[in-house]
Amino acid sequence: MKILFTIAHYFNPEGSGKHGSLSKDPRPRLIALSNCLSALRAAFNSSSQCWIDIAQCLGQPANQGQAYEIDIVVCTTQDRHLIAKLPVPANFYTHHATNAEPMMLGFECQAVLRDALGKYDYYCYLEDDLVLRDPWFFIKLGWFSKQAGDLNLLQPNRYEVSPQNPICKAYIDGDLIPEATAQFQNVAEQPELKGFILEQPVLFRRTYNPHSGCYFLNARQMAYWAGQPYFLDRDTSFVGPLESAATLGIMKTFRAYKPAPDRAGFLEIQHFGNAFINLIGSTVRLEE
């Protein structure tokens, strides 16, 4: 299986500090992007994995049954990035420099995906603070598409972890108010899908918040989306440019599902940092 990952990366130390990409301190963003890249290589680059045979002091190939070939393209703009400071080998990724407006960088990733049509089995987009660790991720997506069809798209649940917080793991993309997405999707259409995997029941629900900061499309889904008249129209009417680049196009094109809360971890991706989980106990109250 061949997989193309595109990552939108931006950093401006002179920014407002509202986002991690606008902080004066580059270290958290460097760690986030390094973790993003390293996790993709560790989970999906099967040619660089081994099993240590202790008795023979020998490293032997591992995970040959999940033979992936991956390419990673990091999209940047206007020299506002941390590429030169990354503590990972340069051959981990390809640097794609643009002159796009910073908030529109995710649309440049869409153009990279479109230009690669016909070359990969999966086409993927991630914001630069997302860490994907599940080596069975694409097996699960393939299973879902086979069961539900390509017009139904499964999005992962984003989560944060914090060892200092009483809640050590929190899923951060709960439902928005229905009006926030009503003009783009009809969640009453096929509101639930059910399946069994490894003898466990799993429920998938249409979501009022399909945003995950990422998407993962098989080749048929990518070609279908790219063929829509609104593809790459740079519409920013869902929350803002960042959210629209990650979510609006797929929300218009597919019925978006996420695993229900009782099986939230079936498909998940880590959001680096603790900005959301630290709201628990202050802005976010716990259900009693």
Side-chain angles (χ1 to χ4, degrees), residues 1 3 5 35-36 39-40 42-46 49 51 62-68 70 121-126 130-163 165-176 185-221 247 250-251 254-272 276-277 280 284 286-288:
M1 182 186 294
I3 307 171
F5 296 97
N35 272 269
C36 176
L40 293 178
F44 304 114
N45 186 15
S46 53
Q49 300 181 26
W51 172 283
N63 289 320
Q64 304 97 306
Q66 296 172 216
Y68 299 121
I70 69 170
D121 299 295
Y122 272 92
Y123 295 79
C124 314
Y125 167 77
L126 301 92
L130 296 180
V131 185
L132 179 55
R133 304 184 187 277
D134 181 4
W136 284 70
F137 191 88
F138 291 97
I139 295 173
K140 294 174 184 177
L141 285 179
W143 171 85
F144 180 85
S145 296
K146 185 176 181 180
Q147 304 300 316
D150 289 331
L151 289 181
N152 296 320
L153 177 65
L154 186 60
Q155 285 284 86
N157 287 309
R158 284 194 305 176
Y159 69 90
E160 289 182 354
V161 296
S162 174
N165 198 295
I167 301 298
C168 64
K169 183 176 185 179
Y171 292 93
I172 64 174
D173 292 313
D175 280 342
L176 302 170
Q185 63 171 358
N186 176 13
V187 298
E189 182 184 5
Q190 298 185 24
E192 292 185 350
L193 297 173
K194 299 178 181 179
F196 277 83
I197 189 165
L198 298 177
E199 300 182 355
Q200 296 296 310
V202 185
L203 176 64
F204 308 98
R205 289 179 177 163
R206 296 293 302 275
T207 171
Y208 287 111
N209 186 6
H211 183 67
S212 299
C214 56
Y215 50 79
F216 306 85
L217 307 178
N218 65 38
R220 296 178 302 277
Q221 290 171 324
T247 306
I250 61 171
M251 180 167 41
F254 306 101
R255 289 183 289 268
Y257 293 82
K258 288 184 179 180
D262 69 334
R263 292 287 193 276
F266 175 81
L267 199 77
E268 64 179 19
I269 190 167
Q270 183 181 3
H271 183 248
F272 184 84
F276 289 93
I277 196 171
I280 296 174
V284 177
L286 284 174
E287 186 177 65
E288 296 181 359

Rounded distance [0.5 Å steps], CG in L154 versus CZ in R255: 13.5 Å
Going through the checks in order, is the side-chain contact (heavy atoms from CB on, under 4.5 Å) test met by L217 and Y125? CA-CA 9 Å; L217 307 178; Y125 167 77; over 6 Å; no
Separation of N157 CG from K258 NZ (nearest 0.5 Å): 6.0 Å
Does the side chain of Y159 come within less than 4.5 Å of D173's, by heavy atoms? no
Can you tell me how far apart SG (C36) and CG (L132) are? Round to the nearest 0.5 Å. 8.5 Å
Please evaluate residues Y208 and V187 with respect to the criterion side-chain contact (heavy atoms from CB on, under 4.5 Å), reporting the C-alpha separation (whole Å), side-chain torsions for both, the decisive distance (0.1 Å), and the verdict. CA-CA 7 Å; Y208 287 111; V187 298; 3.4 Å; yes
Closest contact, heavy atoms only, A42 versus Q49: O-NE2, 3.0 Å
For the side chain of Q155 and the backbone of P259, is there at least one donor-acceptor N/O pair under 3.5 Å apart? no
Is N218 reaching over with its side chain to a backbone N or O of D121, donor-acceptor style, under 3.5 angstrom? no
Kindly indicate whether the side chain of M251, heavy atoms from C-beta on, has any atom under 4.5 Å from the side chain of P210. yes
Specify the closest pair of heavy atoms between D150 and Q221, including all atoms of both residues, with the distance to one decimal. O-NE2, 2.9 Å
Are any of the side-chain heavy atoms of F196 and V202 separated by less than 4.5 Å? no
Looking at every non-hydrogen atom in both residues, tell me the closest pair between R206 and Q190 and how far apart they are. CG-O, 3.2 Å
List the atom of G213, the atom of L130, and the distance in Å for their closest heavy-atom pair. O-CD1, 3.2 Å
Taking only residues two or more places apart in sequence or in another chain, which ones pass side-chain contact (heavy atoms from CB on, under 4.5 Å) with K194? E192, L203
State, to 0.1 Å, how close W143 and F204 come at their nearest heavy-atom pair, and which atoms those are. CZ3-CZ, 3.7 Å
Donor-acceptor contacts under 3.5 Å from residues 261-271 side chains, at least two apart:
{"unit_1": "R263", "atom_1": "NE", "unit_2": "P201", "atom_2": "O", "d": "3.3"}
{"unit_1": "R263", "atom_1": "NH2", "unit_2": "Q200", "atom_2": "OE1", "d": "3.4"}
{"unit_1": "E268", "atom_1": "OE1", "unit_2": "K169", "atom_2": "NZ", "d": "2.9"}
{"unit_1": "E268", "atom_1": "OE1", "unit_2": "Y171", "atom_2": "OH", "d": "2.5"}
{"unit_1": "E268", "atom_1": "OE2", "unit_2": "K169", "atom_2": "NZ", "d": "3.2"}
{"unit_1": "Q270", "atom_1": "OE1", "unit_2": "R133", "atom_2": "NE", "d": "3.3"}
{"unit_1": "Q270", "atom_1": "OE1", "unit_2": "R133", "atom_2": "NH2", "d": "3.2"}
{"unit_1": "H271", "atom_1": "ND1", "unit_2": "E160", "atom_2": "OE2", "d": "2.7"}
{"unit_1": "H271", "atom_1": "NE2", "unit_2": "D129", "atom_2": "OD2", "d": "3.0"}

Looking at the rings of F216 and F137, which for Trp means the six-membered one, are their centres under 6.0 Å apart? yes
What distance do S212 atom OG and R158 atom CZ have between them, rounded to the nearest 0.5 Å? 6.5 Å
Rounded to the nearest 0.5 Å, the CE atom of M1 sits from the OG atom of S46 at a distance of 10.5 Å
Please examine the side chains of N45 and Y68, heavy atoms only from C-beta on, and report whether any two atoms are closer than 4.5 Å. no
Considering all heavy atoms, the nearest I3-C124 contact: CG2-SG, 3.7 Å
Partners of L286 by side-chain contact (heavy atoms from CB on, under 4.5 Å), sequence neighbours excluded? I167, I280
Taking the six-membered ring for Trp and the full ring for Phe, Tyr or His, determine whether the centres of Y122 and F138 are under 6.0 Å apart. yes
Hey, does Q66 have a side-chain heavy atom less than 4.5 Å from the side chain of F44? no
Determine, step by step, whether L153 and I250 satisfy the side-chain contact (heavy atoms from CB on, under 4.5 Å) criterion, reporting the C-alpha distance in whole Å, the side-chain angles of both residues, the deciding distance to 0.1 Å, and the verdict. CA-CA 8 Å; L153 177 65; I250 61 171; 3.9 Å; yes
Would you say C214 and P156 make side-chain contact, with heavy atoms under 4.5 Å? yes
Reported CG-to-CG distance for the pair D175 and N209, which is rounded to 0.5 angstrom: 7.0 Å
Measure from NZ or CZ of R205 to the centre of the six-membered ring of Y257 and say whether it is under 6.0 Å with the direction within 45° of the ring axis. no
